[in-house]
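Values in this document were obtained by computation on a predicted structure and should not be read as measured data. To find a chain, count down the sequence lines: A is the first, B the second, and so on, and within it residues start at 1.
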Amino acid sequence: MIANSATEIDASGLAKSYRPGEHESAMSARWRESGCFKARPDSKSEPFTMFIPPPNVTAALHLGHALNNTLQDTLARHARMRGRDVLWMPGTDHAGIATQTVVERRLALQGKKRTDFTRDEFVAQVQAWKDEYERVILEQLVAMGCSCDFDRTRFTMDPVCAAGVREGFFRLFKDGLIERGRRLVNWDPKTKTAIADDEVVMRDVDGKMWYLKYPLSDGSGTITVATTRPETMLGDTAVAMNPKDPRAASLRGKKIILPIVGREIPIVEDDYVVMALSMGGDASDAKAEVATGFLKVTPAHDPNDFDIGRRHNLALINVLGPDGAISDRHGWNDVSEQAKAFVGLSREDARKAIVNWFKVNGLLENERPWKHAVGHSDRSGVAIEPWLSDQWFVRVTDQRLRGAALKAMAPDQFEGVSPAGKAVGDGEIRFFPPRYAKTFQHWHESLRDWCISRQLWWGHRIPVWTRDAKDEALTQSTSLRGSEMVAVNSKWSALGAAHRMRKRDDGSVEESVCLPLDLEHVAAQLVAAGFEQDQDVLDTWFSSALWPLSTLGWPHPEKFPDMKGMLERYNPSSVLSTARDIITLWVSRMTMFNRYFLGGKVPFKHVYIHPVIQDGFGQRMSKSLGNGLDPRDVIHSHGADALRFTLLDLTTDTQDVRVQIDMIDPQSGETFEPEFMRAPSGHMVAAPIQKSPKSPTQTMVSTYGAASGLATPSAAQPLARNTSSRFDVGRNVATKLWNASRFALMNTPQPALEVDPSTRPLLDRWILSRVAGALTRADRALAEYRFSDFAAAGYDLLWRDFCDWFLEAAKPTAKNDPAQQCVMACSLSAIVRLFHPGMPHVTEALWSAVKNHAACAVRGLDMKSTDLLATSSWPVAHASLIDTKAEAEFARVQALVEAIRNVRGERQVNPKKRIKLLASANASQVVALAGGVVETLSGVDGVLPITHARSPTAAAMTFEGQECWLDGLVDALDIGAERARLTKLLAERQRAVSGYKGKLSNAGYVAKAPPQVVQDTQKMLRDAEAELIAVERSLKELA
RNA sequence: GGGCGCUUAGCUCAGUUGGCUAGAGCGUCGCUUUUACACAGCGAAUGUCACAGGUUCGAGUCCUGUAGCGCCCA
């Protein structure tokens, strides 16, 4: 019959091979229909909770997401099988700047701008983008097998989350933890918005150091300042020097006439100034070498100068506009005739023009190349501009926030004396791997206030209404200190709003009213009274920081029918699994907010930081390099379980993981290693055009080629998708699991009995002990978030123990031994369960057949079965199942089998050839212990005493220091080959003997090492010596 | 500049209180298409554990220093 043999069902009840595509969506459907991923708030079981780090709706999930979600799902499924009530909360993040930017970029392709639309129209466009990608993301999670409670899927801007954001902002505002201030922010002149410190990436730039001469006002000469930013000199309000500088005394009290502008500015003395090398500067400081000892001070355009300005009470003169161009409309009032020429120039043009002015006027002393780090916007890529503007800040440096976060750390992970007290939540957060606790701690110790306003349209609009103070009496009665916002009592506060006032830099007074959600109707009254709602939206991380609260309906879960009791039950969560760079952006802020809003409760008990996935060259995967992998492509080429298993296997806790990129030939479907080249940026990338491995005339475009625009995919030259042969491991495991299950099931027709392991032969006791050991190993690995070890526990049990030894050894016996069938079926059931958290689809597909053996049991191995594997129990092995004696004995069996196989392999004997073993005393004993297993596994069909006559072609071997012979291996002896084999063995034994002798001749070793270690060495020496003698004798006989 | 890691077989990585004649997977080389699996089985080869010191009876493992790589924060 010519049938599709792969789909043919055999005696096991399973198809002949596992094809992921034929099972995955069916399994997903079964899980969904059963509702088994739903949290059970009413259950008595202990909850196990995770909040998914909500992926940005900017794009589909990449391999890093696949990794993190695989790890979380493995934990979730493991916990579920162990009877926990699992809530894995899914959702997505609106990702303010990032999403707005992708939509604006798409509009730009159509020649349109954001400002061509009204705010509402534009937001609707972004919303459409969000809907599309949210759907894709959720589909990807389902395709990967993630067991999220999808009915509870949240979005950071949905009404439930928005209510939390609104309340969080209101409370912080009311409590004085949110304030407005004119500060230097990281301004992105391209997107025209402020960005947070951690959205700034430092990049080394090949710039220049310019040396500008500034004349002293008394005409006594000039001093030279060194600067990398000459264009900001228009805003200089002082020149600073180090008080220790030898020239300080003679310059003290003098003034400078600022060139171009003509402004008279003081010379101030400040320790911050780096002294010139020639004036006693520190030779180990690279800056001393380029420094002149004089620093131009521009408080409005440099954070360090801002600090100097504060110390010396200097004026802030802002000479730049929001687009980064020189402007006289943002605080620069003393524009001279000469300076007017520079107004309106971009910062790049202004730099050239200023430098040129100094050159022309003989005031440019020098210029030299200077490599230095410049902050760039993570989003738009342009250099950020420290810029003065009114922004909203959360005072995270307040002890109620920062202090609470530090106190949350587990005391033994805190460096120094832990501040944790006995309050709720103190000392409860633990990091895995522990080294990341330091990152968390250091971040808080050097924290600055968090700028939360963004000049965007996409996001949570700031719920504050502002106007110039109008109520004179109220203003008079309020004691305004500096620029601090002060709470006032008013008709608005009487309604329940928070009303605060502050004095602006220019002396005018501003009043702000923040409305909680339930006072939304007051907004109209505020507007009528001349208030205007703030135009800005909140930093994305503000809503993310509330994720563990807002997704559970905080502050009013009673308003949402399905959230009753959820907050109390599922917050804190069990573990947060996330990426390294998120510790500062997210972990910290969730900790501060959760503790602040929930009476000290921490948002999670454990924080697991997963590794970063890199390409084969150790580079981060990125769209522009085209070196990313789409999980959907891997699922297509290898299957979801292969993807998952491989990712688990790669996740060790010491190193980031490398996944080298391969390509799929779109014509043949074949995977091949592409040709790489060095991109102009210095990165290694796949060459834009690749040749087909099958037919070199056929070409295709790499993802780098398409991303860089160096090649355009077409019908003749299609785009080649990325994959990686790294995922072969996972695919192979799925296949092995499938085939092993089929074989085991074929050999276990109807075992319905309970077996007492102690009545079973060595082989059976051994495999059950191995199952128990693997379960212990797997449980411990997951408890410590060592995912690679979890994967290895399953792999070793399945492949090495169950397939290579147990199934092979049981082949001749199982068919006629119901008890052994029971052991086989139960071991298989345990293995399939063990693999389920990592490889849910293939195991669930197997379960339809495996569960039919639920009637058999092994005493000491507890397993409960349900219709679905996902809800069946995790196997529990009692201590009685661990049989150290059986393991030790079986290790001897394995050693003997391997010794025989070694000789067979070396002599290239056909595996089918049956041979005779002339066994030593120990070997005979092991053969007897094994009850036929040695013969089965080593192809021996007769065991004779060592004294038995042997043919001239027999080969010598040793076992446990005793000589044995194998006879009947070959028809004619190749003396040369045999001599080579024995000579090699001889050298090996000699090396061993001298090694052990050396150890034992060391008096210190014998005297100080533990007796057991010394005894072991002595035994190994005795065996090695005996074997050496045996090999020597064999060699002699050969000659 | 500060912090955190990493450097072990051709490649990717394990190696949990120091006991190791250093392991796995892939790749390589033999033998085998044996009725679970060639996405397989059996066997083999391959390492001055980055380098230099130190502690110790004993160091891949602990300490110090050097070099290179990576990430985070300035």
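Picking from B/U32, B/U12, B/A36 the nucleotide with the shortest atom distance to the side chain of A/P911 gives B/U32. Distance from the side chain of A/T654 is smallest to B/C6 among B/C57, B/G41, B/C6. Ranking B/U16, B/C42, B/A44 by closeness to the A/N902 side chain, first place goes to B/A44.
The partner of B/C6 is B/G68, judged by Watson-Crick or G-U wobble contacts that both fall below 3.5 Å. In this structure, B/C31 and B/G41 make a Watson-Crick or G-U wobble pair, each of the two defining distances being under 3.5 angstrom. Across every strand in view, B/U61 sits unpaired, with no contact that passes the Watson-Crick or G-U test at under 3.5 angstrom.
With no hydrogens or angles considered, no side-chain donor-acceptor pair links A/Q821 and A/H853 at under 3.5 Å.
For the pair A/Y795 and A/R991, nearest-nucleotide mapping onto RNA chain B gives the more 5' position to A/R991. Taking the nucleotide of RNA chain B with the nearest heavy atom to each of A/R800 and A/R580, the more 5' of the two is matched to A/R800.
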Report all side-chain donor-acceptor pairs from residues 1007-1021 of chain A shorter than 3.5 Å, counting only partners two or more places apart or in another chain.
residue : atom : partner : partner atom : Å
A/Q1012 : NE2  : A/D1016 : OD1          : 3.0
A/T1017 : OG1  : A/Y1005 : OH           : 2.8
A/T1017 : OG1  : A/V1013 : O            : 2.8
A/K1019 : NZ   : A/D1023 : OD2          : 2.8

All N/O donor-acceptor pairs, side-chain side in residues 894-901 of chain A, below 3.5 Å, sequence neighbours left out:
residue : atom : partner : partner atom : Å
A/R901  : NE   : A/L937  : O            : 3.1
A/R901  : NH2  : A/L937  : O            : 3.3

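For B/A44, the base has no donor-acceptor partner in the side chain of A/Q908 [N/O atoms by modelled type, under 3.5 angstrom]. One donor-acceptor pair, N or O on each side, does fall under 3.5 Å between the base of B/C37 and the side chain of A/K736.
Checked for salt-bridge contact, A/R430 and A/D412 meet the test: a charged N lies under 4.0 Å from a carboxylate O. Between A/R770 and A/D801 there is a salt bridge, since a side-chain N of the basic residue sits under 4.0 Å from a carboxylate O of the acidic one.
At the heavy-atom level, A/T652 lies under 4.0 Å from the strands shown only through sugar-phosphate atoms. Among the protein residues, A/D581 comes within range of no part of the nucleic acid, since none of its heavy atoms lies under 4.0 Å from any strand.
Nucleotide B/U12 holds its P atom 6 Å from the CZ atom of A/R658, rounded to whole Å. Distance, A/K912 NZ to B/U35 C1': 12 Å, rounded to whole Å. Distance A/N739 CG to B/U34 P: 15 Å, rounded to the nearest Å.
Listed pair A/N747 / B/A36 fails the phosphate criterion, with no side-chain N or O lying under 4.0 Å from OP1 or OP2.
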